[in-house]
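Below you'll find the structure, written out as structure tokens, and then a few comments.
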Protein chains: 2
Amino acid sequence: MSAHDTSHQHPHDPAALLRDHGVQVTAQRLAVMRAVSAQPHVSADGVVEMARAEIGAISRQAVYDSLGVLVDKGLIRRIQPVGSPARFEDRVGDNHHHLVCRGCGSVVDIDCAVGAMPCLTAADDLGYEIDEAEVVYWGRCPECRALTTTTTTESTLERSH
Amino acid sequence: MSAHDTSHQHPHDPAALLRDHGVQVTAQRLAVMRAVSAQPHVSADGVVEMARAEIGAISRQAVYDSLGVLVDKGLIRRIQPVGSPARFEDRVGDNHHHLVCRGCGSVVDIDCAVGAMPCLTAADDLGYEIDEAEVVYWGRCPECRALTTTTTTESTLERSH
DNA sequence: TCCAGATCTTGACTCAGTCCAGAATCTGAC
DNA sequence: GTCAGATTCTGGACTGAGTCAAGATCTGGA
């Protein structure tokens with residue numbers, strides 16, 4: 001699944017990956033895995049659409065169930081930036097972060113400088129046992145920046161008439 | 001609202017605060033502000049309950065509308081850890097972070113070492129204009145740690161019989 | 001080939017929000 | 001103090017994104 005993970009005998013064989021993790025191999029689960037690999041940060045609804053396009057009928061419940069099992073086994077990762085439905089990606093194990101566009105909602109990966117969790121130290125852990133520092137960068141992508149700058153410029157021009 | 005903000009003539013008068021921000025003063029909005037001040041990281045539903053206990057009838061829509069206006073004006077802050085409904089707090093302006101318990105869902109504030117946004121620099125900004133690095137620490141609170149350690153120990157003892 | 005247990009299908013349901021028409025309230029001008 | 005207009009509130013309907021559950025179907029070990 002992950003390009004970094006070469007410990008499995010058949011790292012590129014999804015069925016073998018499932019068996020190695022004690023998960024039954026079904027057509028639905030394989031279709032879900034292919035959908036997540038094809039489109040990083042895909043939503044559950046997106047997985048449904050892609051799986052249906054590929055294998056015909058598949059229930060939403062099977063997609064949700066498959067995603068759940070794959071996440072539980074660490075084969076895929078579930079993220080959920082604020083204001084977004086859950087999203088799934090097959091890049092696992094490197095604790096990378098995400099950068100989300102406030103305009104169009106696009107999500108891109110950002111390497112973690114540390115790599116291991118938790119990659120940041122809280123000023124005061126208040127007795128908590130911290131196991132993860134989730135970082136999400138927010139901003140605007142190049143396309144949305146260009147759009148905003150252009151419309152802002154036009155708007156400013158209009159006002160200055 | 002915020003203990004750090006002393007620029008307003010009546011920093012402790014919610015009605016004055018609203019007027020200073022060009023927001024109409026209504027009984028519903030004042031009740032919402034008091035609820036958020038009384039219980040940091042309160043959910044919208046929690047605000048509804050507290051406001052109803054205090055001023056009697058108030059619609060859910062009015063609570064949602066009031067929260068929205070207060071967030072827009074920067075008078076309160078909206079956060080939403082994964083798996084949680086939106087939560088609101090009146091501590092604004094210092095870019096503090098949050099620490100969430102995976103067990104009970106409790107949320108506590110963590111000071112930001114930097115203070116200003118964005119407080120972290122992405123390894124590669126990919127042409128994005130980044131304006132915030134949202135950090136959420138995840139772990140288990142002292143109570144949940146004690147509970148898990150105890151049950152784990154008991155469970156281990158049972159197995160070793 | 002059989003069959004127990006796992007998984008899928010289908011539709012109902014829940015939660016946490018949003019939408020909207022009409023009623024009520026707030027505010028500032030007079 | 002009054003009142004018109006703008007804003008906000010009420011109450012209920014609706015939505016998106018998930019979860020629940022009974023019965024049907026499929027997987028994989030024997």
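To find a chain, count down the sequence lines: A is the first, B the second, and so on, and within it residues start at 1. Side-chain atoms are counted along with the backbone in the values below, which use heavy atoms only and exclude waters and symmetry mates. Since this is a predicted model, take the numbers as computed values, not measurements.
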Minimum-distance nucleotide (side-chain atoms of B/Val25 versus C/dG17, C/dT27, D/dC9): C/dT27
Atom-pair distance (CG on A/Asp45; P on D/dT15), nearest Å: 15 Å
Check: B/His96 side chain, B/Asp109 main-chain N or O, donor-acceptor pair, under 3.5 Å: no
Length of the CD-P vector between B/Glu49 and C/dA16, whole Å: 11 Å
Let me know the distance between CG of A/Leu30 and P of D/dC26, rounded to the nearest Å. 15 Å
NZ of A/Lys73 versus P of C/dT7: gap in Å, rounded? 9 Å
Side-chain heavy-atom pair A/Leu17, A/Met33 within 4.5 angstrom cut-off: yes
With side chains defined as the heavy atoms from C-beta onward, is the minimum distance between B/Gln80 and B/Arg78 less than 4.5 Å? yes
Mind calculating the distance between CD1 (A/Ile55) and C1' (C/dT7) to the nearest angstrom? 13 Å
Of all the nucleotides listed (D/dG18, D/dC9, C/dT9), which has the minimum atom distance to the side chain of B/Asp65? D/dC9
5'-most contact on DNA chain D: B/Arg60 or B/Val23, nearest heavy atom basis? B/Val23
Is there side-chain contact between B/Val100 and B/Val82, with at least one heavy-atom pair below 4.5 Å? no
Between B/Gln24 and A/Ile58, just flag the one whose closest nucleotide in DNA chain C comes earlier from the 5' side. A/Ile58
Does B/Arg78 place a side-chain N or O at less than 4.0 Å from the phosphate oxygens OP1/OP2 of C/dG17? yes
Applying a 4.0 Å non-hydrogen cut-off, can you work out what B/Ala57 is touching in the nucleic acid: base, sugar-phosphate, or nothing? sugar-phosphate
Rounded to whole Å, the CZ-P distance (A/Arg29 to D/dC26) equals 15 Å
Pairing of A/Arg91 and A/Asp111 as salt bridge, 4.0 angstrom limit: yes
Starting from P on C/dT18, measure out to CG on B/Leu67 and report it in whole angstrom. 10 Å
A/Gln61 has its side chain closest, among C/dC8, D/dC9, C/dT10, to C/dT10
Check every atom of C/dT18, D/dG18, C/dT9 against the side chain of A/Ser59 and return the nucleotide holding the closest atom. C/dT9
Looking at every strand, decide which applies to A/Gln28 at a 4.0 Å heavy-atom threshold: base, sugar-phosphate, or nothing. sugar-phosphate
For B/Arg87, answer base if it contacts any base atom (sugar-phosphate contacts may also be present), sugar-phosphate if it contacts only those atoms, and nothing otherwise; contact means non-hydrogen atoms under 4.0 Å. nothing
For DNA chain C, whose closest nucleotide is more 5', that of B/Thr26 or that of B/Tyr64? B/Tyr64
